[in-house]
*Asks:* 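Questions regarding the structure given below will be posed in turn.
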Amino acid sequence: MGLPLVLLLLLPALLPARCCEPPAGSAGAVRALSARLLGLAGDPARDPDPAVYLALRLALEHDPRLERRYLERLQDTFQHAYGRSAAEPPHTGRLALYLLGLQATCPPLSPHRSLVTWLKYYLEEDWTGSQQRGHPVTSYYQYGLGVLALCVHRKRVRDEVVRRLLTAQHHGRLGHGGNTVDTEAVVALAFTCLERRRLVGSGLAAKLRLAAHEASRNMAKTQGPDGVIGNIYSTPWALQVFLATGECQTEPAFGQAMAALLENLEAFGTAATMAQVLPVLHGHSYLDIAAMHCGEEPDTLTPLDMEPLPEVPGNKTVQLVVECPLPWCYDLRLYDRLVPVPATASLLDVLQAAAALEPREFRFHTQDTPQGPFLTQVLGLEARQEKRNYWQILSAPNTPLQMGIADYRPQDGATVILRLSEW
Ligand code: B12
């Protein structure tokens, strides 16, 4: 017979924590990645992103002056951004990340009361949305971040708000676009926080503990032979769960996933992806923000500039296809053309080149996000957040890309499909 469940859940707490850290041999590569993120954080032309600040704070080495300046820029952006109008859609996730950032400062900063109130209000909006439409107004990812941030600040939320997440997890409703790992992980972190910090009654706490355990089991089960869980960008989130629950000490998937990250560090080339991978490379989860050790911090990290992309002479041709399989579209294939571009062109460059081709048939719009430009409109068709439409990017015939339009560089002869999809 296997170990009883109680023992299995207690086991991580009884074992030493050392094996949850990445192998010592990888320290140089991890340090270089931290230094590169620091370089990007020092660029005043980039909007400050609380996830970047969190990654800087959860690192082993620091540049206190740069971190302080970054925090000031964040405060400028966030302190005045809320409370203007309750009519606008909730900003659950961004506000949650900012509040996590304040708690990760040494010593932790108390957010203005109104910000906590706004986050609670956004969560309630999301909760009401999930009752009416079967999903939060934002997403379960942001809803999970909201619960996590309030928990890290020791603020209670109504049991119903938490139960909504439990129900969604039980019914497998956390996913969208095929990959559920990121969202399931954020939700499991929120569960673990609530349970550990005793912010819910003992009955609910036991359920949350089991649910977090189940989430990490699911993640281990979905691990591929290459160690990746979901895809390379969701793997750090799975590792956060193993770290937060202590299962990193017993779960073989942890070491394999960590090895996969270390083998693929070059995939993390944008500030947003670096910010998501660095905490686990330093052995931390967002739960550690609740108990930051504010001692002397080594002032030893210096910013590193990103290496420019190698020049590749010549041109390439990319086939650009626009599809609308939704019932209200008059045609499935709305656009199909070969677009000549320079050899190093990104998909964004391809879209710009297509828009300049005669006759001027192709049009598109993007919206700036911390992840880069998000494609919002193609050929005048807007993907509507309230209808949960989005412009999905695929490599023909049917493989969704794992990166956005500014980061993906199609090969010569590739076919890229922009497909209006539902999530
Ligand atoms: C929810 C989500 C979506 C939703 C967003 C809609 C919504 N209203 O929430 C939908 C389904 C539309 C979506 C689409 C895509 N996504 Co997405 N998404 C996420 C997820 C799970 C959470 C994002 C979030 O809410 N963050 C919290 C808030 C506070 O931060 P935010 O910066 O304000 O979030 C906004 C932007 O991030 C934007 N967004 C979401 N995904 C992406 C992807 C890119 C490339 C960009 C530029 C923006 C963007 O929508 C968010 C909500 O408004 C993340 C997971 C993660 N680990 O980050 C993946 C994630 C960011 N997405 C990813 C990808 C690849 C995509 C797509 C390119 C997939 C595709 N092949 O079409 C498309 C974007 C295409 C486009 N039109 O430009 C990757 C990005 C990896 C990378 N290399 O940067 C992630 C990390 C998932 C993963 N593990 O692969 N996504």
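Atoms within each ligand, like the ligands themselves, are counted from 1 in listed order. These numbers come from a predicted model, not from an experiment.
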*Asks:* Under 4.0 Å from a heavy atom of G93: give me the atoms of ligand 1 that qualify, with their elements.
*Replies:* 29 (C)
*Asks:* For ligand 1, is I393 a contact, meaning one of its heavy atoms is under 4.0 Å away?
*Replies:* yes
*Asks:* Just which atoms of ligand 1 are under 4.0 Å from any heavy atom in D182?
*Replies:* 55 (C), 56 (C), 57 (N), 87 (C), 88 (C), 89 (N)
*Asks:* Applying salt bridge (Lys or Arg N to Asp or Glu O under 4.0 Å), can you list everything that pairs with R333, at least two apart in sequence or on another chain?
*Replies:* E323, D336
*Asks:* Which bit of Y141 is near ligand 1, meaning a heavy atom under 4.0 Å away: side chain, backbone, both or neither?
*Replies:* side chain
*Asks:* Tell me whether ligand 1 is touched by A272 - counting only heavy atoms on the residue side and a distance under 4.0 Å.
*Replies:* no
*Asks:* Quick one: which ligand 1 atoms are inside 4.0 Å of a heavy atom on G404?
*Replies:* 45 (C)
*Asks:* Compute the minimum heavy-atom distance from I405 to ligand 1 and say whether it is under 4.0 Å.
*Replies:* no
*Asks:* Among F374, Y98, Y408, W423, whose heavy atom sits nearest atom 38 (C) of ligand 1?
*Replies:* F374
*Asks:* Flag W391 as yes when one of its N or O atoms lies below 3.5 Å from any N or O atom of ligand 1, and as no otherwise.
*Replies:* yes
*Asks:* For W391 and L420, run side chain to side chain contact (heavy atoms under 4.5 Å, CB included): C-alpha distance rounded to whole Å, both residues' side-chain angles, the deciding distance at 0.1 Å, then the answer.
*Replies:* CA-CA 5 Å; W391 281 102; L420 193 56; 3.6 Å; yes
*Asks:* Restricting to non-hydrogen atoms, name the atom on G230 and the atom on V181 that form the minimum distance, rounded to 0.1 Å.
*Replies:* CA-CG2, 3.8 Å
*Asks:* Using the six-membered ring wherever Trp is involved, compare the ring planes of Y53 and Y70 and label them parallel, tilted or perpendicular (cut-offs 30° and 60°).
*Replies:* parallel
*Asks:* Taking the six-membered ring where the residue is Trp, are the ring centres of H91 and Y122 under 6.0 Å apart?
*Replies:* yes
*Asks:* Going by the order shown, which atoms of ligand 1 are within less than 4.0 Å of some heavy atom of N231?
*Replies:* 88 (C), 89 (N), 90 (O)
*Asks:* Would you check the N or O atoms of Q385, main chain and side chain alike, for any that come under 3.5 Å of an N or O of ligand 1?
*Replies:* yes
*Asks:* Considering both backbone and side-chain atoms of L401, is one of its nitrogen or oxygen atoms within less than 3.5 Å of a nitrogen or oxygen in ligand 1?
*Replies:* yes
*Asks:* Under 3.5 Å, N or O to N or O, is Q371 touching ligand 1 that way?
*Replies:* yes
*Asks:* I need the M403 CE to I232 CD1 distance, nearest 0.5 Å.
*Replies:* 11.0 Å
*Asks:* I'd like to check which ligand 1 atoms, numbered from 1 as shown, lie under 4.0 Å from a non-hydrogen atom of Q276.
*Replies:* 56 (C), 57 (N), 58 (O)
*Asks:* If we set the cut-off at 4.0 Å for heavy atoms, which region of L375 has an atom near ligand 1: side chain, backbone, both, or neither?
*Replies:* both
*Asks:* If we only count heavy atoms from C-beta on, is the M292 to P108 side-chain gap below 4.5 Å?
*Replies:* no
*Asks:* Heavy-atom distances under 4.0 Å are what count here, so tell me which part of Q142 touches ligand 1: side chain, backbone, both or neither.
*Replies:* side chain
*Asks:* Just to be sure I read this right, does ligand 1 sit under 4.0 Å from the backbone of Y390, its side chain, both, or neither, counting only heavy atoms?
*Replies:* side chain
*Asks:* Salt bridge check, E67 against R69: does any charged N sit closer than 4.0 Å to a carboxylate O?
*Replies:* no
*Asks:* As an exercise, identify every atom of ligand 1 less than 4.0 angstrom from a heavy atom of Q402.
*Replies:* 65 (C), 81 (C), 82 (C), 83 (N)
*Asks:* Counting each atom of ligand 1 from 1 as listed, which ones have a heavy atom of P373 under 4.0 Å away?
*Replies:* 47 (C)
*Asks:* Is it true that, when you exclude E266 itself, more than 12 heavy atoms of the residues, nucleotides or ligands shown sit nearer than 6.0 Å to its CD?
*Replies:* yes
*Asks:* Is H284 close to L243 at the side-chain level, that is, under 4.5 Å between some pair of heavy atoms?
*Replies:* no
*Asks:* For D407, is the nearest heavy atom under 4.0 Å from an atom of ligand 1?
*Replies:* no
*Asks:* State the atoms of ligand 1, each with its element, that fall below the 4.0 Å cut-off from a heavy-atom position in G372.
*Replies:* 47 (C)
*Asks:* Looking at every heavy atom in both L33 and M274, which two are closest together, and how far apart are they?
*Replies:* CD1-CG, 4.0 Å
*Asks:* Is it the case that the side chains of T77 and Y98 hold a donor-acceptor pair, with the cut-off being a distance below 3.5 Å and no angle test?
*Replies:* no
*Asks:* The criterion is side chain to side chain contact (heavy atoms under 4.5 Å, CB included); which residues satisfy it with F374, sequence neighbours excluded?
*Replies:* T369, T376
